[in-house]
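Please read the structure below before turning to the comments.
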Amino acid sequence: MLVRAITAPVLRRWCRARRSAAAACFPLGRALLGVRGAEAAVFLQGLLTNDVTQLVASGDAPPALYAHALNVQGRCLYDVILYRLHGSTAEEPHILLECDSSVLDSVQKHLKLYKIRRKVTIAPCPELSLWAVIPGEQPGDASSLPKCADQALLLTPDPRAEVMGWRLIAKKGANLSEIIPGCQIGDVQDYHRHRYKQGIPEGVKDLPPGVALPLESNLAFMNGISFTKGCYIGQELTARTHHMGVIRKRLLPVRFPAPLPSAGIPAGADILTESGRRAGKFRAGGGQLGIALLRLAHAGEPLRIALPGHSVSLSASTPQWWPKADAK
Amino acid sequence: RGSRCSTSPYPGRALPRPPAGPARPAGSLLRWASSFSEPGPKESGPSEGQIFLSESCVKRLLEIAEGSEFLRLQVEGGGCSGFQYKFSLDTVINPDDRQGQRGGGARVVVDVDSLAFVKGSMVDFSQELIRSSFQVVSNPQAEKGCSCGTSFSVKF
């Protein structure tokens, strides 16, 4: 646990810099699971797409890691963010795992199934709260965000993309304005809107278990996968696709110019080009934003969804945070 | 073989003769069957599972095991398909280990958790061009596995 004494001048300087760009803090409805034990990292290494040894390599390594747990067929099951809580390699590994709260029981069952004799304990952490800290209009420097008091366990950049700001783990009931002075507590719906605008999938609605494919879900763009680590569940199809296949479809942010009917767009709705060719499927969204699995060849064209009675038009865009050379 | 059980430190089921029947692969690979039972003075309930050792497995073990070494088989979570086999030579028996009866001098030990995943399997020592190694073959609990054979998934 890192606690730095914050001096008044540092705070004042920081608040001045952020005056016109107040960060917004969103309470997230995601669950936290604690995985502790001597074999915690090794245990998770065989279950997740990313290299957990990087998380626990040293006390200086970034304390957050994005990964997916796949099923044997190589399809996404759960999207998780791992956080390292222990300070140095001398201490017993203590890893927090963030997941969609609606599948907390399934994630626990999944971990326990593969635990067998590993020296790890797995337990939920209801005493902690998870927040997303999204910067305002001005780009912020993560290191300039002070960590204040012992109410904050961890404040770290979101490992997926810079546009997602930071993740904050604090004790439940902590006063956020003491931890991050000047921040505004926002509505979590605005957080989801921000995600859909940027095209960042999160949770089982965006990544249906057993359906979504990791590479199509931009796992590689979000720093969630290592192609140089050893075996993990679902690796065969993923490695084969990466080395030999071509990724023709990806999750892209979409925008509906006109307000939608109150029922919204059903998940899985077919998206067509103007000429009626299949372009992809709608995945999830809120308001006039959403994400859809679209064929990259048609992503730049005007698109529509045929609902009973009428047609809804939409357009897709390529997120700015995608690697430039790979926007194909 | 029948007299061995009275002097064995692990009373339980006597080492059975190789089972006749459809389970036996052609070519008489099957020689020794290790049935696992609770170590201890009292005979416990039904056996927790059987592991079969092929002739080549016993032969190889007798070649490489030194002193009190035995072959330990463990099942770990992870690997391409969810679970993977791990073979090692060990000398330490733990309270939750299940020891098979000696098959011609070769011993296989499996802990009780791993035994649940491999009971009914056969351990073979297979020599191929790509590698020579101990392999778990014909595991009745296992479904399709990964191409290299180390990892398997479980039928539910």
Side-chain angles (χ1 to χ4, degrees), chain A residues 35 37-53 67-75 77-78 97 106-122 209-210 214 225-244, chain B residues 36 39 48-49 51 70-90 92-99 108-121 130-131 133 135-136 139 141-156:
Chain A
V35 180
E39 296 188 287
V42 180
F43 165 60
L44 293 171
Q45 184 76 330
L47 304 179
L48 301 176
T49 54
N50 213 342
D51 193 351
V52 185
T53 60
H68 283 188
L70 309 181
N71 65 13
V72 176
Q73 286 76 32
R75 304 233 170 211
L77 281 179
Y78 315 111
L97 191 144
S106 307
V107 172
Q108 268 191 281
K109 262 214 308 239
H110 181 84
L111 294 180
K112 289 194 171 141
L113 173 66
Y114 295 107
K115 180 172 105 86
I116 311 184
R117 292 171 69 79
R118 293 262 191 221
K119 297 177 185 54
V120 291
T121 50
I122 305 159
I225 186 164
S226 162
F227 293 109
T228 54
K229 64 174 269 196
C231 302
Y232 55 88
I233 304 181
Q235 186 199 32
E236 276 202 285
L237 175 67
T238 314
R240 195 160 58 230
T241 310
H242 172 72
H243 288 294
M244 291 177 22
Chain B
F36 287 78
E48 280 159 298
I51 299 266
F70 52 81
L71 185 67
R72 176 180 289 285
L73 168 59
Q74 290 165 294
V75 175
E76 287 182 335
C80 317
S81 302
F83 301 97
Q84 50 196 5
Y85 304 111
K86 191 162 125 187
F87 286 101
S88 52
L89 285 171
D90 201 354
V92 179
I93 304 253
N94 303 310
D96 56 357
D97 280 337
R98 298 296 175 259
Q99 181 171 279
V108 170
V109 170
V110 187
D111 61 81
V112 64
D113 297 313
S114 303
L115 183 55
F117 287 95
V118 296
K119 59 186 181 205
S121 316
I130 192 169
R131 74 175 79 81
S133 61
Q135 300 270 340
V136 176
N139 184 347
Q141 271 93 227
E143 225 172 26
K144 52 157 236 161
C146 74
S147 341
C148 76
T150 313
S151 184
F152 66 99
S153 61
V154 171
K155 299 175 190 159
F156 287 118

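Note that the coordinates shown come from a computational prediction; the quantities given were computed from them, not determined experimentally. Throughout, protein chains are lettered first and strands after them, A, B, ... in sequence-line order, and every chain is numbered starting at 1.
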query: Side chains of B:Glu143 and A:Val72: does their closest heavy-atom pair fall under 4.5 Å?
result: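 SC-SC contact between B:Glu143 and A:Val72 ruled out.
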query: Can you list the residues that meet the side chain to side chain donor-acceptor pair (under 3.5 Å) rule with B:Gln84, with sequence neighbours excluded?
result: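 Here no residue qualifies.
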message: Looking at every heavy atom in both B:Phe83 and A:Leu113, which two are closest together, and how far apart are they?
response: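 Residues B:Phe83 and A:Leu113, closest heavy atoms: CE2-O, 3.7 Å.
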Kindly list each side-chain donor-acceptor pair under 3.5 angstrom involving residues 74-81 of chain B, sequence neighbours excluded, with atom names and distances?
unit_1  : atom_1 : unit_2   : atom_2 : d
B:Glu76 : OE2    : B:Lys86  : NZ     : 3.1
B:Ser81 : OG     : B:Cys146 : N      : 3.3

- prompt: Looking at A:Gln235, A:Arg118, A:Lys115, A:Gln73, which makes the most heavy-atom pairs under 4.5 Å with chain B?
  reply: A:Arg118
